[in-house]
There are 2 protein chains.
Amino acid sequence: MGTTQLESVPEPKYWHLKTVLTEALDSEFSVGEILPNERDLAARYGVARATLRQALEQLELEGRLQRRRGVGTTVAPPRMGVAVGTSRHTWPGAGGDVWQPVDCVRSVPPASVAAALETGGEEVHIVRRSRTSHGRSVATELLYVPAASVPDLTAIDAPSGPSRARAVLRELHRLELDGQDRAVELGSAGADDARELDRLPGSPVLVLTTRFHAAGRTAALSVATYRADTCRLTFGDSPDVEIHDDPARRAS
Amino acid sequence: MGTTQLESVPEPKYWHLKTVLTEALDSEFSVGEILPNERDLAARYGVARATLRQALEQLELEGRLQRRRGVGTTVAPPRMGVAVGTSRHTWPGAGGDVWQPVDCVRSVPPASVAAALETGGEEVHIVRRSRTSHGRSVATELLYVPAASVPDLTAIDAPSGPSRARAVLRELHRLELDGQDRAVELGSAGADDARELDRLPGSPVLVLTTRFHAAGRTAALSVATYRADTCRLTFGDSPDVEIHDDPARRAS
DNA sequence: GAGTGGTCTAGACCACCCA
DNA sequence: GGGTGGTCTAGACCACTCG
């Protein structure tokens, strides 16, 4: 009978709440401002705390909010553009590199990495590097370098540590780079990465995998993990745009 | 005294559960296989259903699981590599393009798009396209084309619809492309995109923004939305590697 | 209609930060 | 110690799919 069901799809509460909060963020709050706590917000909007949190999680995923345990929820600045390379291919650690060598060990890589490098169960050099921007740690990287790619590496340097990392990179640069290819996918931060990136374990991250080709092989493999909440990975291929940090960090 | 607290950081249950489930997926299940339902799984592992769901959500985020309401939870195949361009720059819709024109309207773009295009409050052409791979819809795109970029566009074609979309692209190709730059970031699917991609609203997506430069301006702006759970965006710059489906994703 | 995942509630306790 | 967000529980109902 006449029950014209116009709203046949009732919007979930957390979805509607997210919309409401987004508008509030745009109009009533400025970057860095601290929001009321979750219990108060939930009461204000007449929902359970869990429902409110579902909305906040979405907003954090979109980079609109930042939540820190023991502190509170703040309005996040716009995501920063992080340059991850131009069309010109260069070795990691080449001039002008923004990465900081942290460590280097010799170990057997994960199976997926070993497959890409076509090393069997052999040990490879694993260089650990980190990247900061605006004083914040934004990414960590594991660079897998087969022993065959750095044949002349000697033991004159320390067996591990930053200086060893630099030595491996130096040797790697002696190869002629034929090309590289990349892939970006969504991941979640492991315990180590989470600590390094000042996030909770399981936080969403953008994983940028780069294969470096030289001498007909994959000479090195880089797996870089970027904070997904604060970073926008930019592939600047046009001449006039390089690193482009968002100029405006203030709203309203 | 004497309480040597070795495990000062008790692992959250959902985190441990995720690890256990990951190992189970690797060893006891094969792709496409359906898991026990959430209530049974929660009971088996002695946790509340909400806690189990927290673990499942993580695994879905990592592309290991796929959940569908009314059906069940299945083991997801490895993410597919989706090629999103080489170092050679081409206009969208150029030869060999994998996108399917869907629609075209004239409308005022969002403020952020208008800023990038340096159009004021003017209307632009908005071409909607979709992309499928292996029979699945994997991405939707909105291509914003200022009227100034297609000055000779006539009204001989339909005012909207796929044929109009093709006409806009055809006119766009008459410009000489100077370059392009891209950015990738994490987003969440809006209601429209979610329907198109066969996901729930709010699902994580990878947003690939491409600016096309011609005649000293930004001649067009593409905002492509890829399913983050099933897609790995590949930037194939080396000659021998194109689309590369991951063969093995097994650990230890 | 039976079974699935999705949403929502009202509580509780814990880990962390800071005054 | 007081306040924050993070984790966890045990329930309930809803929306969807499929036989």
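Note that the coordinates shown come from a computational prediction; the quantities given were computed from them, not determined experimentally.
Rounded to whole Å, the distance from NZ on K13(A) to P on dC14(D) is 12 Å. The interatomic distance linking R199(A) (CZ) with dC16(C) (P) rounds to 15 Å, in whole Å. Straight-line distance from the CG atom of D198(A) to the C1' atom of dC16(C): 12 Å, rounded to whole Å. With rounding to whole Å, L52(A) atom CG is found 9 Å from dG5(D) atom P. Put simply, NZ on K18(A) is 16 Å from C1' on dT7(C), counting in whole angstrom units. Summarising the geometry, the separation between CG on L56(B) and C1' on dG6(C) is reported as 13 Å, rounded to the nearest angstrom. As a whole-Å value, the separation of L65(A) CG from dG5(D) C1' is 13 Å. As rounded to whole Å, 14 Å separates atom P of dG6(C) from atom CD of Q54(B).
Rounding to the nearest 0.5 Å places CG of L208(A) at 11.0 Å from CG of L233(B). For the atom pair L65(A) CG and L59(A) CG, the distance stands at 5.0 Å (nearest 0.5 Å). The line from CZ of R199(B) to OG1 of T225(B) is 14.5 Å long, rounded to the nearest 0.5 Å.
Residue Y14(B) places none of its side-chain N or O atoms closer than 4.0 Å to OP1 or OP2 of dC8(D). Close to dT9(D), at under 4.0 Å from its OP1 or OP2, lies a side-chain N or O of T51(B). Checking the phosphate oxygens (OP1, OP2) of dG3(C), no side-chain nitrogen or oxygen of N37(B) falls inside 4.0 Å. Residue T73(A) has no polar side-chain atom (N or O) positioned under 4.0 Å from OP1 or OP2 of dT4(D).
Below 30°, between 30° and 60°, or above 60°: for W99(A) and Y226(A) the angle between ring planes is above 60°, a perpendicular geometry.
The residues R64(B) and D26(B) are annotated as salt-bridged, a charged nitrogen and a carboxylate oxygen being separated by less than 4.0 angstrom. The residues E62(A) and R79(A) are annotated as not salt-bridged, no charged nitrogen and carboxylate oxygen being separated by less than 4.0 angstrom. Looking at R53(B) and E38(B), a side-chain N of the basic residue comes within less than 4.0 Å of a carboxylate O on the acidic one, giving a salt bridge. With respect to D193(A) and R227(A), no salt bridge is recorded, no charged nitrogen being found less than 4.0 Å from a carboxylate O.
Considering only the side chain of R49(B), dA12(D) comes nearest among dC8(C), dA12(D), dG6(D). Comparing dT7(D), dG6(D), dG6(C) against the side chain of R67(B) picks out dG6(C) as the nearest. The side chain of R69(B) approaches dG6(C) more closely than any other nucleotide in the set dG6(C), dT7(C), dT9(D).
Mapping V47(A) and V71(B) onto DNA chain C via the closest heavy atom, the residue that lands nearer the 5' end is V71(B). Residue whose closest nucleotide on DNA chain C sits further toward the 5' end, between P12(A) and G70(A): P12(A).
Using a 4.0 Å heavy-atom distance criterion, R53(B) is classed as a base contact.
For DNA chain D, the neighbouring residues in residues 38-45 of chain A, judged by any heavy atom under 4.0 Å, are E38(A), R39(A).
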